[in-house]
Amino acid sequence: MKFFFSSPFLLVLTICIIGCVNLVHTAPTKIGNGYSLIAIEESPDGGLIGYLKVKKKNNIYGPDIPNLQLYVKHETDNRLRIHITDADKQRWEVPYNLLPRESPPSLKQTIGQSRKGQFSLLSNQEYSGNELMFSYTSDPFSFSVKRKSNGQTLFNSSSEDSDPYSNLVFKDQYLEISTKLPKDASLYGLGENTQPHGIKIYPNDPYTLYTTDQSSINLNMDLYGSHPMYMDLRNVNGEAYAHAVLLMNSNGMDVFYRGDSLTYKVIGGVLDFYFFSGPTPLAVVDQYTQFIGRPAPMPYWSFGFHQCRWGYHNLSVIEDVIANYKKAKIPLDVIWNDDDHMDGKKDFTLHPVNYPGPKLRAFLEKIHAEGMHYIVINDPGIGVNKSYGTYQRGLANDVFIKYQGKPFLAQVWPGAVHFPDFLNPKTVEWWGDEIRRFHELAPIDGLWIDMNEVSNFCNGLCTIPEGRICPNGTGPGWICCLDCKNVTKTKWDDPPYKINASGIQAPIGYKTIATSATHYNGVREYDAHSLYGFSETIATHKGLQAIEGKRPFILTRATFVGSGHYAAHWTGDNKGTWEDLKYSISTVLNFGIFGVPMVGSDICGFYPAAPPLEELCNRWIQVGAFYPFSRDHANYYSPRQELYQWKSVTKSSRNALGMRYKLLPYLYTLSYEAHKTGAPIVRPLFFTFPNIPELYELSTQFLVGSNVMVSPVLEKAKTKVSALFPPGTWYSLFDMTQVIVTKEPHYRSLDAPLHVVNVHLYQNTILPMQRGGMLTKEARMTPFTIVVAFPLGASEGVAKGNLFLDDDELPEMKLGNGKSTYMDFHATTSNGTVKIWSEVQESKYALDKGWYIEKVTVLGLNGIGSAFDILVDGSKVEDTSKLEFETEEHKFIDKLEDGGHKKSMMLDIKGLELPIGKNFAMSWKMGI
């Protein structure tokens, strides 16, 4: 929630008024002559350890660090680490207890000998692992990383005289390193930002990483998260190769991509690179999340539809919203409160009149019995109020970030606040206790942690004014009313290099915590700033899980590398425009690559836009119904935009969300795969079809899983959509008789009336579905349908799919606990015979629940069946009298590329009662 500085002009104007920044960047193109590698040898752990010495000192952005330590190690078969730091002095790094990983060798153990000349340069300047190879040049020092299988250079830090970037630069507050890149490389990542050109990183667009409370309507600016990783996809003679590069660094940075090179300019920390070899996009994300933490397991209900609004003034409004969703017959699982439930906008409180505890608890008891859930917002700023228990206990436990020994004072929604220091173990304990206390007051089902970049309505060092109330309850709540003075005296508040913060080189302490403030153990906000939301997320996860031992649900705005291991994310404060609808797809796809697969955008837009909103809301729910996290959320000043507000949107919502609720078992199985392998729930088309370059920048369509493609309308007043179809057979999910077949990637014009979204199922897939419902609780207990999609009319074909089911309240999402079942589905058509069968792991949970398959739908058959046999756990089912067989011929939206039509059938087998949890097998002969 936020409603300030939605316009970059206002931000520029304010900064110019306070006179804090020079907006003209006059940095020289090249800085210094780099370093020389003086010594290198094998380290005790099997890596390489080296010693670098600066070649020629200069004072641009401060003095050079004269001696550097180089550490290189193949940590796994597919991961290479290259770590460069000060050889003489410990430097700030992302805390190893916050993001667990191997520690490099200590400085004294490894570097001390080299100055006595006891190290020598290795005769072999290559260091090979299973998939990747590190090589170096000594003077000036540079390194390259190559793929062993084809010799392709993935990273090359050398700088020629003609290059527009320097050799390695390493100063206290300025680090620079670059890599050459082939011009045909497709790069993705480096977020969080809103990319107007689509999912690919675009040459010469600014990429600044520094967590900032800056609305996502602002393009090419540093937004809420910091993810200094990119995936590089290259097509070599028709074959795709992907890899990823992570710079593990939490300091502010600019990343410059020129199309044939990429340069990092970082204002602190170390250069700690990790290279992930891939070679497929899915393998890259698997390797990346194996390192940073697998995505968090999500409760089943979180895949239902969510409704929120800033401005649900009292409990009766919430009750009315729920009643209207039921009346409109639109699915709704989760109702949310922004800060309206709070007493004076203070965390962990209830408004005594609008949300009184007894009435709220009775309400929650009622909706919990129905199967609904309730989530509230929580901001990190703790109101300075002597009668406020959370504040009192925080002071007593000394949990707040300090400035010169005193809690740093800021202003957010409650007025004057202090910010908890989540790097302090005592803070984590206190925070968990506050969550527990609030849960006793109101048994919430999750927490929405917002404003955690961290956001501050004021600048600098502030005090509470004497003689006037702040805030006074009039005017917008985001206007600073504390007495403040700018803090620019230290190198932490005014570093020599100005990153392009907020797109205008804003001071890095602007509208946040002063960067010279200190955390636990003297850690500077300057270094830890972009970790704030991440550290709060970890503390919140721990606190929620401790209450009842259930699987937590957390939605966080600020993210960092590894945030997906604990929480979901939404793309922040967008606007009800067609452009924002389109941008949302790229951001959602990027977060899947970042290892945060549970992600979505505010459906219909957070900020109000010029009416009419109705057509846009129709189209947005058709996209949002397929976001992993699907929520309608609106600003305090927006017109009401719940989905039932318009008859047309009601119809579109029933259609799109109706399909979502039928696909819940598929979505939940995808979340299990995400948790086990990092695979994004929603992903670009090139994840399934990596060898097709035409897909590399496609940002207007997306896949749900590997084989369900969504092709939405993203423009006003359109009733057709041009969709790119990769080669193969595609069946419409809303009418499975409709089929598209193509031998080459081709665009097709699809009918898309106002209430229609085009969703297609790819060949070779087995898709589990259920009947759907108004709640995930009821939808989950309905019988299953298994859809088998063969290539159209194929005499030889295979298909496969899977299904994961578990007790979604358990903290862990895994097999082996007695509360889960996993099924693999297989199908073949060969020699005139169709076979479909399942392989079950751990059947008890599904059998206890009584789930069964009532229908099997087979697509693409070249004839109807006879001699039908079915077995369950190896025993033949003798009585098949209840079974019904229905066939319908497939229809084509246009002619096949060979000019003809192949007659093919859709077969429905109804009346089945195949237990989920038992192995089944069915087969039949195909006739004419």
Side-chain angles (χ1 to χ4, degrees), residues 1 299-379 389-390 413 434-450 540 543-544 547-548 550-555 568 629-634 636 640-645 653 657 661 773-780 808-809:
M1 175 185 66
Y300 198 91
W301 54 262
S302 68
F303 290 94
F305 183 67
H306 303 244
Q307 178 62 54
C308 185
R309 178 183 175 82
W310 180 22
Y312 286 152
H313 299 295
N314 55 49
L315 189 55
S316 64
V317 177
I318 292 273
E319 292 172 320
D320 184 62
V321 169
I322 294 173
N324 280 318
Y325 266 95
K326 289 179 179 177
K327 183 179 178 181
K329 296 183 179 178
I330 301 171
L332 178 65
D333 257 84
V334 190
I335 193 74
W336 294 57
N337 263 128
D338 210 310
D339 65 10
D340 304 289
H341 69 286
M342 296 179 181
D343 181 12
K345 305 185 185 300
K346 299 190 297 293
D347 286 346
F348 307 118
T349 65
L350 294 177
H351 195 286
V353 175
N354 297 334
Y355 286 85
K359 285 188 176 181
L360 180 60
R361 287 189 289 275
F363 163 77
L364 292 179
E365 185 176 357
K366 177 185 175 184
I367 69 166
H368 285 156
E370 294 174 356
M372 287 191 67
H373 293 81
Y374 176 65
I375 294 174
V376 298
I377 200 169
N378 218 50
D379 295 336
T390 297
W413 300 113
E434 295 304 320
I435 292 173
R436 178 192 60 79
R437 290 170 182 267
F438 184 65
H439 192 270
E440 292 174 357
L441 190 64
I444 56 170
D445 299 295
L447 277 175
W448 169 21
I449 51 177
D450 192 14
T540 304
L544 279 174
I547 295 170
E548 295 176 321
K550 292 183 179 180
R551 187 176 301 176
F553 180 82
I554 301 163
L555 184 72
F629 172 64
S630 183
R631 185 184 70 161
D632 181 324
H633 179 40
Y636 189 94
R640 293 292 288 266
Q641 64 182 46
E642 293 85 4
L643 301 178
Y644 55 75
Q645 295 290 344
S653 301
L657 288 173
Y661 275 60
M774 294 296 104
L775 287 163
T776 56
K777 180 182 179 181
E778 67 179 55
R780 195 177 192 194
D808 67 311
E809 290 192 341

- Item | From CA spacing to verdict: side chain to side chain contact (heavy atoms under 4.5 Å, CB included), Ile377, Trp413 | CA-CA 12 Å; Ile377 200 169; Trp413 300 113; over 6 Å; no
- Task: Could you go through the side chain to side chain contact (heavy atoms under 4.5 Å, CB included) check for Tyr644 and Ile330 one step at a time?
- Result: CA-CA 8 Å; Tyr644 55 75; Ile330 301 171; 4.2 Å; yes
- Task: Dump the intermediate steps for side chain to side chain contact (heavy atoms under 4.5 Å, CB included) on Glu642 and Arg309, then the final yes or no.
- Result: CA-CA 9 Å; Glu642 293 85 4; Arg309 178 183 175 82; 4.2 Å; yes
- Lys366 vs Glu319, side chain to side chain contact (heavy atoms under 4.5 Å, CB included): CA-CA, chis, key distance, verdict: CA-CA 11 Å; Lys366 177 185 175 184; Glu319 292 172 320; 5.8 Å; no
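Taken from CH2 in Trp336 to NE2 in His306, the straight-line distance is 6.5 Å, to the nearest 0.5 Å. In this structure, CG on Asp379 lies 10.0 Å from NZ on Lys345, to the nearest 0.5 angstrom. Between atom CD of residue Gln641 and atom CG of residue Asp632 there is a gap of 5.0 Å, rounded to the nearest 0.5 Å. Atom-to-atom distance recorded for Leu360:CG and Leu350:CG is 5.5 Å, nearest 0.5 angstrom. Between the CD atom in Gln307 and the CG atom in Asp333 there is a gap of 12.5 Å [rounded to 0.5 Å]. To the nearest 0.5 Å, atom CE of residue Met372 and atom CG of residue Leu364 are 10.5 Å apart.
Using a 4.5 Å heavy-atom threshold, the side chains of Asp340 and Val317 count as separate.
Between the side chain of Asp320 and the main chain of Ser316, no donor-acceptor pair closer than 3.5 Å is present. Lys777 contributes a side-chain N or O that, together with a main-chain N or O of Ala369, makes up a donor-acceptor pair within less than 3.5 Å. Under a 3.5 Å cut-off, the side chain of Asn378 and the backbone N or O of Ile449 do not form any donor-acceptor pair.
Cys308 and Asp338 get closest at one heavy-atom pair: SG-N, 4.3 Å. Across all their heavy atoms, Ile554 and Thr540 have their closest contact at CD1-C, 3.8 Å. In terms of heavy-atom proximity, Arg631 sits nearest to Leu555 at NH1-CD2, 3.9 Å. Summarising the geometry of Ile444 relative to Val376, their closest heavy-atom pair is CG2-CG2, 4.0 Å, with the distance given to 0.1 Å. Closest non-hydrogen pair, Asp445 versus Ile375, comes out as C-CG1, 4.4 Å. Of all non-hydrogen atoms in Tyr661 and Gly773, the two that sit nearest each other are CD2-O, 3.3 Å.
Between Tyr325 and Phe305, the ring planes lie tilted relative to each other; the angle falls in the 30° to 60° range. Ring orientation note: the planes of Phe438 and His341 are tilted relative to one another, at an angle of 30° to 60°. Using cut-offs of 30° and 60° for the angle between ring planes, the His373 and Trp301 rings count as parallel.
At a cut-off of 3.5 Å, with distance as the only test, a side-chain donor of Trp310 or Asp339 sits close to an acceptor on the other residue.
Between His633 and Trp448, a ring centre-to-centre spacing shorter than 6.0 Å is recorded. Outside the 6.0 Å centre-distance limit, the rings of His439 and Phe348 are not counted as a close aromatic pair.
Ion pair Glu440/Arg436 flagged as a salt bridge, since at least one NZ, NE, NH1 or NH2 atom sits closer than 4.0 Å to an Asp/Glu carboxylate oxygen.
Applying the side-chain hydrogen bond (donor to acceptor under 3.5 Å, both in side chains) rule to pairs touching residues 346-360 yields Asn337-Tyr355, sequence neighbours excluded.
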